[in-house]
Structure formats: C-alpha cells, structure tokens
Participant: 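Have a look at the structure that comes next, please.
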Amino acid sequence: MRMTRAEAKEHNRRALLEAARLVVARDGHRARLEEIAEQAGVTTGAVYSLFGNKNGLLVALVTDCLTPHYDGIEQAVPADMGLIETVEVFARHYRRLCDDPDALRQLSFEISLQDLALRDPELRPRLAASVRAHEERLTSLLAGRVHHGNALTMRQAQRLATGLRGLMVGLSQGVILGLAQAVPEQYFTAAAHALVTPDVLGPP
C-alpha cells in the first residue's frame, strides 16, 4: 500500500532525524549533510524542503530529543504536587535515563552537537534557544508549587530550573561515563533537594 504524501513526508522527516543522530554522534563537527541524506535514503533536497538547511535539521533534532523527556516529567507530576516532590520526580527521571541501553549513544550525540555549536556561530544561538524553550517548560512546571507554605514565583522557578537542569545533566554524564556507576536515585534526589534553598531561589 502506497504512502500518502503526508505519510511520505513524515517518513522522510523521521529518517533524516535518526540519520542525523547517528552521523553526528559518529563524526562530530565533520558530519556532512550528504552523508546524513544518504543514510536516510533521501536527497539533500529533502533536508532543505523539510528543515531549511543542515542547522535547521540539527535544531529539530534537539527538539525531537527533549520533547519526550519533558513530556514524561509533566505526565508524572500532578498539579497539586508540592515543590520538593516535584523536584524528586525530576531527579529520578534523570537517574533512570542513565540506565537506558541507548544512554551512551545519546550522550555521544549531545557532546558532538555541542562541539558543532561551538564551531558554528549561526547554529549556537539556535540550539541555545531550543534548549531554553524546554527549560521554560520546567520553569512553568515548578512555578506555583508550594514550599514551606509559599508558592514558588516564576522568577524563583526559573532560577531553580536552571540549577536543576545543570546539576542533573552533570550527574547523568558522570554515571553514563562510568565515573559514578553505583549512584542510586536517592543521591540524585538529595542533590536536587540541596538546590531548594533561599540562596538558589532568591527573592520572590
């Protein structure tokens, strides 16, 4: 049965995203658009049609990676959950990602993508904007949560979100690289707790 035009477009989009993930993880800044297209079984014209250019494809790939991650966290946090419990959910989610069989390949891709961004002044701000957009989802998730009888303001939630994401990314990389293999979920949650302080949250 032949695919519809919309189905073919989505098939090509998914194929390009997966090929880009593999090629960037393998080749880093040497990743070539032609190689990505070949791996996906499409022409380079499909990249320009679907994503605008190579950088557009890479930015879409970041969104493709981060969106399910934050979707999962949001689904695990009911609206009436307190701040500490919400922070614990976020920390446990990151720790469990470390045990994913694909975790090392994903880390390789992330590091290679950062290397690409450092070398490309046009890509760097676009990737930063994409990551910030997802961090804003975490900020919105934290805002209004009650801690010691007070609801977290948006400003406080933003400060906490930045700290949490940075801390969890660093701890996760350590586990995936084998620097801290025996670290349990409780370590992640305790480290996250340590950020819920007046020094980090700042004034309302």
Participant: For Leu167 and Ala191, which heavy atoms make the closest approach, and how far apart are they?
Facilitator: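 Heavy atoms of Leu167 and Ala191 come nearest at CD2-O, 3.4 Å.
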Participant: What do the steps show when you test Gln106 against Asp100 for side-chain hydrogen bond (donor to acceptor under 3.5 Å, both in side chains), and what is the final call?
Facilitator: CA-CA 10 Å; Gln106 178 63 23; Asp100 190 303; over 6 Å; no
Participant: Does the pair Arg105/Glu18 count as a salt bridge with the N-to-O cut at 4.0 Å?
Facilitator: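 Here Arg105 pairs with Glu18 in a salt bridge, since their nearest N and O are under 4.0 Å apart.
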Participant: So does His11 have more than 12 non-hydrogen atoms from other groups sitting under 6.0 Å from NE2?
Facilitator: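 Count not over threshold, so no.
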Participant: Closer than 3.5 angstrom, by distance alone: can the side chain of Asp120 be matched with the main-chain N or O of Leu123 as a donor-acceptor pair?
Facilitator: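 Confirmed, Asp120 side chain pairs with Leu123 backbone.
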Participant: At what distance, to the nearest 0.5 angstrom, does OG of Ser49 lie from CZ of Arg13?
Facilitator: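 These two atoms lie 12.5 Å from each other.
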Participant: Does the pair Val175 and Leu179 meet the rule for a side chain to side chain contact (heavy atoms under 4.5 Å, CB included), with working shown?
Facilitator: CA-CA 6 Å; Val175 173; Leu179 304 176; over 6 Å; no
Participant: Do you reckon Phe90 sits in the same ILVMFWY cluster as Val183, going by side-chain contacts under 4.5 Å, direct or chained?
Facilitator: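 Phe90 and Val183: one cluster.
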Participant: Any donor-acceptor pair under 3.5 Å linking the side chain of Arg124 with the backbone of Ala117?
Facilitator: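 Yes, Arg124 side chain to Ala117 backbone: donor-acceptor pair under 3.5 Å.
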Participant: Under the side chain to side chain contact (heavy atoms under 4.5 Å, CB included) rule, what do Arg126 and Val62 come out as? Steps first, then yes or no, please.
Facilitator: CA-CA 10 Å; Arg126 294 184 64 183; Val62 171; over 6 Å; no
Participant: Which atom pair, heavy atoms only, marks the closest approach of Ala103 to Cys98?
Facilitator: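 Minimum heavy-atom contact is CB-O, 3.7 Å.
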Participant: Counting N and O atoms only, with roles assigned by atom type, does the side chain of Thr189 sit under 3.5 Å from a partner on the main chain of Gln186, one being a donor and the other an acceptor?
Facilitator: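 Flag set: sc Thr189 to bb Gln186 pair under 3.5 Å.
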Participant: Using the rule that Ile, Leu, Val, Met, Phe, Trp and Tyr join whenever any side-chain heavy atoms are under 4.5 Å apart, tell me whether Tyr70 and Val89 fall into a single cluster.
Facilitator: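 Yes: a chain of side-chain contacts under 4.5 Å links Tyr70 to Val89.
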Participant: Hydrophobic clusters here meaning ILVMFWY residues chained together by side-chain heavy-atom distances under 4.5 Å, can you tell me if Val200 and Phe188 are in one?
Facilitator: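 Same cluster: Val200 reaches Phe188 through Ile, Leu, Val, Met, Phe, Trp or Tyr contacts under 4.5 Å.
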Participant: Search all heavy atoms of Ala151 against all heavy atoms of Gly144 and return the closest pair with its distance.
Facilitator: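 Scanning both residues, the minimum pair turns out to be CB-O, 3.7 Å.
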Participant: Can a donor-acceptor pair be found, under 3.5 Å and without considering hydrogens, that links the side chain of Thr86 to the backbone of Leu142?
Facilitator: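 No, Thr86 side chain to Leu142 backbone: no donor-acceptor pair under 3.5 Å.
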Participant: Of all heavy-atom pairs between Ser112 and Gly28, which one has the smallest distance, and what is that distance?
Facilitator: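 What the structure gives for the nearest pair is CB-CA, 3.8 Å.
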Participant: Would you confirm whether Asp27, through its side chain, and Arg30, through its main-chain N or O, come within 3.5 Å as a donor-acceptor pair?
Facilitator: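 Here the side-chain-to-backbone pair does not exist.
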Participant: Can you give me the closest heavy-atom contact between Leu152 and Ala157, atom names plus distance?
Facilitator: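 Result for this residue pair: CD2-CA, 3.7 Å.
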Participant: Please check if the number of heavy atoms outside Glu88 that lie under 6.0 Å from its CD is greater than 12.
Facilitator: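 Count over threshold, so yes.
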Participant: Could you check whether any side-chain N or O of Thr162 sits under 3.5 Å from a backbone N or O of Gln158, counting only pairs where one atom can act as donor and the other as acceptor?
Facilitator: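 Yes.
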Participant: Out of curiosity, Tyr48 OH to Thr43 OG1, how far, rounded to the nearest 0.5 Å?
Facilitator: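 Result: 10.5 Å between the selected atoms.
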Participant: Would Leu66 and Leu17 show up in the same hydrophobic cluster when neighbours are defined by side-chain heavy atoms closer than 4.5 Å?
Facilitator: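 The answer is yes; both residues are in one hydrophobic cluster.
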Participant: Can a donor-acceptor pair be found between the side chains of Glu35 and Gln39 at a distance below 3.5 Å?
Facilitator: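 Yes, because at least one side-chain N or O of Glu35 sits under 3.5 Å from a partner of the opposite role on Gln39.
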Participant: Hey, mind stepping through Thr63 and His134 against side chain to side chain contact (heavy atoms under 4.5 Å, CB included) and telling me if it holds?
Facilitator: CA-CA 8 Å; Thr63 299; His134 285 84; 4.1 Å; yes
Participant: Taking the side chain from Ser108 and the backbone from Ala25, do they hold a donor-acceptor pair closer than 3.5 Å?
Facilitator: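 Side chain of Ser108 to backbone of Ala25, a donor-acceptor pair under 3.5 Å: yes, one is there.
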Participant: What's the spacing between Leu57 CG and Asp64 CG if we round to 0.5 Å?
Facilitator: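 Rounded to the nearest 0.5 Å, the CG-CG separation comes out at 10.0 Å.
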Participant: To the nearest 0.5 Å, tell me how far Ile36 CD1 sits from Arg21 CZ.
Facilitator: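 With rounding to 0.5 Å, CD1 (Ile36) is 12.0 Å from CZ (Arg21).
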Participant: Should Val146 and Leu83 be regarded as members of a common hydrophobic cluster, given that ILVMFWY residues are connected when their side-chain heavy atoms come within less than 4.5 Å of each other, either directly or indirectly?
Facilitator: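 Different clusters: Val146 never reaches Leu83 through Ile, Leu, Val, Met, Phe, Trp or Tyr contacts under 4.5 Å.
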Participant: Check whether any side-chain heavy atom of Phe51 lies under 4.5 Å from a side-chain heavy atom of Leu16, and answer yes or no.
Facilitator: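 Answer yes - side chains close enough.
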Participant: Would you call Arg165 and Glu135 a salt bridge, taking side-chain N to carboxylate O under 4.0 Å as the test?
Facilitator: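 Salt bridge present between Arg165 and Glu135.
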Participant: So which atom in Ala192 and which in Met168 form the shortest heavy-atom distance, rounded to 0.1 Å?
Facilitator: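 Smallest heavy-atom distance, with atoms named: CB-CE, 4.1 Å.
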Participant: How far does CG of Leu127 sit from CG of Leu118, to the nearest 0.5 angstrom?
Facilitator: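 Interatomic distance, Leu127 CG to Leu118 CG, rounded to 0.5 Å: 10.0 Å.
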Participant: May I ask you to decide if Arg155's main-chain N or O and Arg159's side chain share a donor-acceptor pair within less than 3.5 Å?
Facilitator: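 Not confirmed, Arg159 side chain does not pair with Arg155 backbone.
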Participant: Compute the ring centroids of His69 and His93, then answer whether they are less than 6.0 Å apart.
Facilitator: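 Yes: the rings meet the under 6.0 Å criterion.
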Participant: Within this structure, what is the OG1-CG distance for the pair Thr153 and Leu201, rounded to the nearest 0.5 Å?
Facilitator: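 Answer rounded to 0.5 Å: 8.5 Å.
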Participant: Can you tell me if Tyr187 has over 12 outside heavy atoms packed within less than 6.0 Å of its OH?
Facilitator: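 No, because the 6.0 Å sphere around OH of Tyr187 holds 12 heavy atoms or fewer from other groups.
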Participant: Check whether Lys54 reaches the backbone of Ala31 with its side chain - one donor and one acceptor, N or O, closer than 3.5 Å.
Facilitator: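 Checking the backbone N and O of Ala31 against the side chain of Lys54, a donor-acceptor pair under 3.5 Å is found.
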Participant: May I have the step-by-step check of side chain to side chain contact (heavy atoms under 4.5 Å, CB included) for Leu160 and Leu195, ending in yes or no?
Facilitator: CA-CA 7 Å; Leu160 180 57; Leu195 291 179; 3.9 Å; yes
Participant: Any side-chain to backbone donor/acceptor pair from Gln156 onto Gly202? Under 3.5 Å, distance only.
Facilitator: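 Checked: pair present.
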